[in-house]
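Written out below as structure tokens is the structure these notes cover.
Order of the sequence lines fixes the chain letters, A, B, ..., with proteins taken first and strands second; residue numbering starts at 1 for each chain. Side-chain atoms are counted along with the backbone in the values below, which use heavy atoms only and exclude waters and symmetry mates.
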Amino acid sequence: KQEVTQIPAALSVPEGENLVLNCSFTDSAIYNLQWFRQDPGKGLTSLLLIQSSQREQTSGRLNASLDKSSGRSTLYIAASQPGDSATYLCAVRLIQGAQKLVFGQGTRLTINP
Amino acid sequence: DGGITQSPKYLFRKEGQNVTLSCEQNLNHDAMYWYRQDPGQGLRLIYYSQIVNDFQKGDIAEGYSVSREKKESFPLTVTSAQKNPTAFYLCASSVGAGNTIYFGEGSWLTVV
């Protein structure tokens with residue numbers, strides 16, 4: 001059974017720092033991996049999608065990497081801002097039962113001005 | 001604007017009642033999904049549909065029902081058989097399995 005883990009559960013850093021969020025998964029047979037942002041009481045906003053054949057994706061200050069063989073992905077946020085404060089979730093799309101996304105529990109990020 | 005609309009935002013259910021959460025998308029996506037989110041837990045899949053008039057159970061389908069009569073609509077009914085329905089419900093859609101999945105703003109359901 002695929003399990004997705006995000007560590008740490010919460011992270012607080014001062015504004016301007018570069019930071020890395022971690023996501024690990026137990027089964028490397030994945031279709032793709034997606035990173036999301038969730039603000040309190042809101043739905044999820046898609047940040048980046050990495051297909052299993054890709055190593056990384058970039059969007060603005062965000063860079064996501066994927067190492068399928070080791071079962072790990074990282075989300076790098078450059079020059080963090082208070083507006084980046086949110087919960088960040090990763091999810092893997094399984095090859096078996098390809099419609100199913102398995103989510104991690106998220107990392108709650110706080111950027112202090 | 002294109003997107004996914006969920007309604008109502010807040011809903012209260014009495015014991016023994018069935019309630020229906022609406023999800024409408026104008027993105028022309030084939031696949032639609034319902035997830036449940038509980039505090040401290042990740043999202044769990046309730047039902048999904050890859051095409052009109054077809055849907056499959058997810059991990060926690062017991063006590064829920066869905067229909068997919070139109071491409072743009074995928075309503076979720078929380079039945080009285082669902083013993084612990086208080087949660088945040090999220091609807092999502094995607095072009096297909098390998099594509100980005102997009103979420104609505106969610107619906108809060110509380111049992112009173």
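In this structure, chain A has a heavy atom under 4.5 Å from the side chain of B:Gln37, while its backbone stays farther away. The contact between A:Leu44 and chain B is made by backbone and side chain atoms together, counting heavy-atom distances below 4.5 Å. For a residue to count as touching a neighbouring chain, one of its non-hydrogen atoms must lie under 4.5 Å from one of that chain's; by this rule B:Leu90 touches chain A with the side chain only. Neither the backbone nor the side chain of A:Gln6 comes within less than 4.5 Å of any heavy atom in chain B.
Judged by distance alone, the side chain of A:Glu15 and the main-chain N or O of A:Pro113 form no donor-acceptor pair under 3.5 Å.
Within a 6.0 Å sphere centred on CZ of B:Arg44, heavy atoms belonging to other residues, nucleotides or ligands number more than 12.
Two rings, from A:Phe36 and B:Phe103, have their centers less than 6.0 Å apart.
Distance check, rounded to the nearest 0.5 Å: OG1 of A:Thr74 to CG of A:Asp67 gives 9.5 Å.
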